[in-house]
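Here's the structure we're looking at; comments come further down.
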Amino acid sequence: MGSWCPCREQAYSFKYPSHLEWVSRVRVNHQAVLRRAQQIQGRKQGKNQWQAAWLLRAVTCIDLTTLAGDDTPSNVHRLCMKAMQPIRHDLLESMDMQDKGITTAAVCVYPARVTDAVKSLKLANFSLPVASVATGFPAGQTAMKTRLEEVRMAVEDGATEVDIVINRMLALTGQWEALYQEIRQFREACGEAHMKTIMAVGELGNFTNVYKASLVAMMAGSDFIKTSTGKESVNATFPVAIVMVRAIRNFFLRTGHKVGFKPAGGIRTAKDSLVWLTLMKEELGDEWLNPSLFRLGASTLLADIERQIYHYVTGRYAAYHELPLA
């Protein structure tokens with residue numbers, strides 16, 4: 001992709017934090033990005049056992065999410081129960097996978113619902129990360145003091161992961177140093193909690209801005225970079241993912257530090273999840289194919305994956321009443 005030559009990236013003497021010289025030099029070959037995305041989407045997917053195994057891998061990387069205005073303690077509790085047992089036990093038994101610890105990677109909720117999720121998991125005597133969106137999600141347009149306090153409160157309530165949103169205005173106007181300083185403050189507010197930085201790619205204008213924002217977020221200490229809030233008109237797309245994972249790869253080559261990737265928004269089918277896994281394997285390698293470095297942000301994806309697992313085991317598709325609600 002034009003200037004993204006690994007040997008040239010390694011030659012750069014990276015100082016943490018740099019004065020953003022690296023960011024200023026970024027150029028993205030738009031057509032090359034689109035061609036690579038088409039290649040990934042055109043890959044033939046395996047069938048039967050291969051497909052079932054990869055679908056189970058996808059399940060373990062899901063941040064099972066509810067971010068609705070009508071969220072209540074009861075539906076957060078249901079979400080947690082589904083995260084603990086995402087695939088029906090009898091289906092796992094048929095695949096000899098009942099003792100493999102198949103759970104989702106985390107549950108993700110609004111800050112006001114963190115205590116509900118923590119309580120549900122504690123009552124079930126089950127350990128699972130609780131993630132919370134914060135910093136004025138989804139627009140990120142509230143005052144900085146308010147956004148920082150929201151992060152601190154989510155962590156105090158028991159969130160071990162925080163999905164923050166960037167101020168898109170800073171990226172759109174090229175204020176990269178200001179964006180870096182903003183994310184650094186969020187990083188400090190997160191404390192020991194993992195921080196996922198949401199790019200809101202559908203509102204960044206072009207691939208170059210996406211790449212630059214990704215670099216700045218990683219320089220500022222993000223554990224993950226995430227495509228979208230799920231509330232924008234354009235969310236996780238494969239071209240944008242190519243841009244972001246190339247940024248992750250080059251950041252690793254230059255610094256030796258691994259940063260995770262989380263696509264979110266519009267990921268609804270089992271087939272989609274297989275394409276995302278293929279993209280990660282080809283672009284970043286097997287090391288990134290685990291929940292410590294790859295997450296899928298989704299609220300409805302799990303239902304389709306379980307439906308496909310049901311078909312693999314029984315030879316028929318389940319009626320909607322035959323599978324538990326996510």
Can you tell me how the ring of Phe261 sits relative to the ring of Trp276, calling it parallel under 30°, perpendicular over 60° and tilted otherwise?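 Aromatic pair Phe261/Trp276 classed tilted.
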
Angle class for the His257/Phe251 ring planes (parallel below 30°, perpendicular above 60°, tilted otherwise)?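 Judged by the thresholds at 30° and 60°, the geometry between His257 and Phe251 is perpendicular.
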
Atom [atom1] of residue position [X] - does it have more than 12 heavy atoms of other residues, nucleotides or ligands inside 6.0 Å?
X	atom1	result
Lys231	NZ	yes
Met153	CE	no
Arg307	CZ	yes
Arg43	CZ	yes

So does [Y] get a backbone contact from the side chain of [X], meaning a donor-acceptor N/O pair under 3.5 Å?
X	Y	value
Lys82	Pro86	yes
Ser222	Ala217	yes
Asp304	Ala270	yes
Ser24	Glu21	yes
Arg295	Pro291	yes
Ser74	Thr72	no
Glu232	Thr229	yes
Thr227	Ala264	yes
Asp71	Ala68	yes

With a 4.5 Å heavy-atom cut-off, do [X] and [Y] have their side chains touching?
X	Y	value
Asp70	Asn75	no
Lys226	Pro263	no
Lys196	Asp63	yes
Ser273	Leu296	yes
Val33	His30	no
Met97	Leu92	yes
Val216	Arg184	no

Looking at Met218, Glu188, Met219, Met195, which one forms a side chain to side chain contact (heavy atoms under 4.5 Å, CB included) with Ile183?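 For Ile183, the side chain to side chain contact (heavy atoms under 4.5 Å, CB included) test succeeds with only one of Met218, Glu188, Met219, Met195, which is Met195.
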
Could you list the cluster mates of Val165? Members are the ILVMFWY residues connected by side-chain heavy atoms closer than 4.5 Å, either directly or through other members.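 Members besides Val165, by chain and number: Leu67, Tyr110, Val133, Phe137, Ile198.
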
[X] [atom1] to [Y] [atom2] distance, which is reported to the nearest 0.5 Å:
X	Y	atom1	atom2	value
Met95	Gln49	CE	CD	8.5 Å
Ser94	His89	OG	NE2	10.0 Å
Ile62	Ile267	CD1	CD1	9.5 Å

Is the shortest distance from a Lys or Arg side-chain nitrogen in [X] or [Y] to a carboxylate oxygen in the other one below 4.0 Å?
X	Y	value
Arg147	Glu150	no
Glu282	Arg36	yes
Lys262	Glu161	no
Glu306	Arg88	no

Closest non-hydrogen atom pair, Val162 against Ala193: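 Heavy atoms of Val162 and Ala193 come nearest at CG2-CB, 4.3 Å.
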
Does any donor atom in the side chain of Arg27 or Tyr211 lie under 3.5 Å from an acceptor atom in the other side chain?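 No donor-acceptor contact under 3.5 Å links the two side chains.
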
